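Okay, structure first, notes after.
Model, not experiment: these values are computed from the prediction. Note: hydrogens, waters and symmetry copies are ignored here, and every other heavy atom, side chains too, is used. Throughout, a chain's letter reflects where its sequence line sits, starting with A, and its residues are numbered from 1.
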2 protein chains.
Amino acid sequence: MMDESTDNRQKIISTALNLFAKKGYDAVSTVEIAQAAGITKPTMYYYFGSKEGLLSEILNTHYNRFITDLEKAASLPEDVALTFFRLMRVYFDYALNSKDFILFKLSIFNRIGEDTTYRLSREYIDRESSVITNVFNVAASHVGNIKGKEDLCTVSFVGVTHAAIGSYFHTGDEKLLSDETIYRIRQQFLYGIYS
Amino acid sequence: MMDESTDNRQKIISTALNLFAKKGYDAVSTVEIAQAAGITKPTMYYYFGSKEGLLSEILNTHYNRFITDLEKAASLPEDVALTFFRLMRVYFDYALNSKDFILFKLSIFNRIGEDTTYRLSREYIDRESSVITNVFNVAASHVGNIKGKEDLCTVSFVGVTHAAIGSYFHTGDEKLLSDETIYRIRQQFLYGIYS
DNA sequence: CATTTTATATACCGTTTGGTATACTGCAAC
DNA sequence: GTTGCAGTATACCAAACGGTATATAAAATG
């Protein structure tokens, strides 16, 4: 076929993720994906079987990589301050370098209900959450002050991280995802706004 | 017609909001809404003109009420601790009593892109955010420590609030939205995790 | 009591949807 | 060089989509 793009499969994945992130899974049609990817519908069905299969493959590819990086960053949970920084750095790096994925992840994270995206992403979100929860559970056994506040820590961490990324996407200001910002958030997290 | 429900208009709004919250705007069809509300499609089109008009009316009804309550709670921003409590209490009360609305609001809050829900809800989200931002701006002029951290405060507040509500929806544990939880979050916010 | 208005349903429209049957093309193996 | 297979496109499908023309029945208006 002498095609210039040797990997249509990957092209479909990245194109579909981009459209899903912008418009939402249900608002994007299979023809739309095919046209944007420069192929035709049956080609997409050849690789992924169905629209849901495509979404499943997108989540599998991107979320597994993300969770792996998150676990690496969480490998020294005894040091709360260091781990806090490393974890948030992973989130922010993905927001900067895998914008479509994080945008899509953000839009499905707080969904609960019966839709396709929720059903397919549930397991990944649970795994992601448990990495964070585990960090604060281990930290609690080393840092007395945290004990009894593990859940609060998790909620605060995830909440602030998502909110910061959301602000970045709205404003486009990259300083929101700088090391400096993480230091300030961590300072506020550990010692409060009056510090 | 001797109909038992004297207000089909309201019935359509609440039914549609419930479906939108569960499955997402694009995944819900107009027939589905009509059937669930116990009416037929043309009745819905008689009241709202279009599916988008229905969504617009839903947002207008619920969001205006919510923002009004938020503004009432923010009327004494000089007292940071008190205002912090009142604001979060409004969010949590809505999560408990207007579950469908908050569920829907949560699912659209972090969307950015080209979809219908984002376009129609944008103005409300901006107004909501500015109420919070304003609180910390005024507070900063009364409490020296906050100065320069206004944006950080806003991001943290919104993030933690949403995360807590999200946890409640996932677990169903009402204690997550109790006064006690707000006190603990506020304590952590003001004095840090080591307090 | 005739007339308009409000509220509802039946039956239909063109378009788009997710998905497929079928045929073709280039390339590798035999 | 024919066979087989991975990859791709044309052309199609039934079902579902958002939306409407039209009829009708009750209630308000004169």
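Nearest-nucleotide positions on DNA chain C place A:Val31 closer to the 5' end than the other of A:Val31 and A:Gly49.
Residue A:Thr40 places no side-chain N or O under 4.0 Å from the OP1 or OP2 atom of D:dT10. For B:Thr43, a side-chain nitrogen or oxygen approaches OP1 or OP2 of C:dA9 to under 4.0 Å. OP1 or OP2 of C:dT17 lies within a sub-4.0 Å distance of a side-chain N or O belonging to A:Ser29. Contact annotation: A:Tyr46 does not reach the phosphate of C:dT20 (side-chain N/O to OP1 or OP2, under 4.0 Å). For the pair B:Asn8 and C:dT8, the criterion of a side-chain N or O lying under 4.0 Å from OP1 or OP2 is met.
Across D:dG19, D:dT8, C:dT20, the shortest atom-to-atom separation from the side chain of B:Ser50 is found for D:dG19.
A salt bridge is defined here as a Lys NZ or Arg NE, NH1 or NH2 lying under 4.0 Å from an Asp or Glu carboxylate O, and A:Asp100 with A:Lys22 fails to meet this definition. Salt-bridge formation is not detected for the pair A:Arg119/A:Asp115: no Lys NZ or Arg NE/NH1/NH2 atom is positioned less than 4.0 Å from an Asp or Glu carboxylate oxygen. Ion pairing of A:Arg89 with A:Asp93 is present here, as a side-chain N (NZ or NE/NH1/NH2) and a carboxylate O approach within less than 4.0 Å.
The nearest whole Å value for the distance from the NZ atom in A:Lys51 to the P atom in C:dT20 is 15 Å. Atom CG in A:Asp7 sits roughly 14 Å away from atom C1' in D:dT8 (whole-Å rounding). When the P atom of C:dG19 is taken as reference, atom CD of A:Glu32 falls 15 Å away, rounded to whole Å. In this structure, A:Ile12 places its CD1 atom 15 Å from C1' of C:dG18, rounding to the nearest Å. In this structure, A:Asp26 atom CG and D:dC17 atom C1' are separated by 13 Å, rounded to whole Å. Summarising the geometry, the separation between CD1 on A:Ile33 and C1' on C:dG18 is reported as 11 Å, rounded to the nearest angstrom. Between the C1' atom of C:dG18 and the OH atom of A:Tyr45 lies a distance of 4 Å, rounded to the nearest Å. Rounded to whole Å, the distance from NZ on B:Lys41 to C1' on D:dA21 is 13 Å.
Evaluation of the ring-ring contact (aromatic ring centres under 6.0 Å, His included) test over residues 152-174 of chain A, restricted to residues two or more places apart or in two chains, returns A:Phe84-A:Phe157, A:Phe109-A:His162.
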field: Audit row: A:Tyr124, A:Phe66, ring-ring contact (aromatic ring centres under 6.0 Å, His included) steps and yes/no
entry: CA-CA 10 Å; A:Tyr124 299 104; A:Phe66 176 70; over 10 Å; no
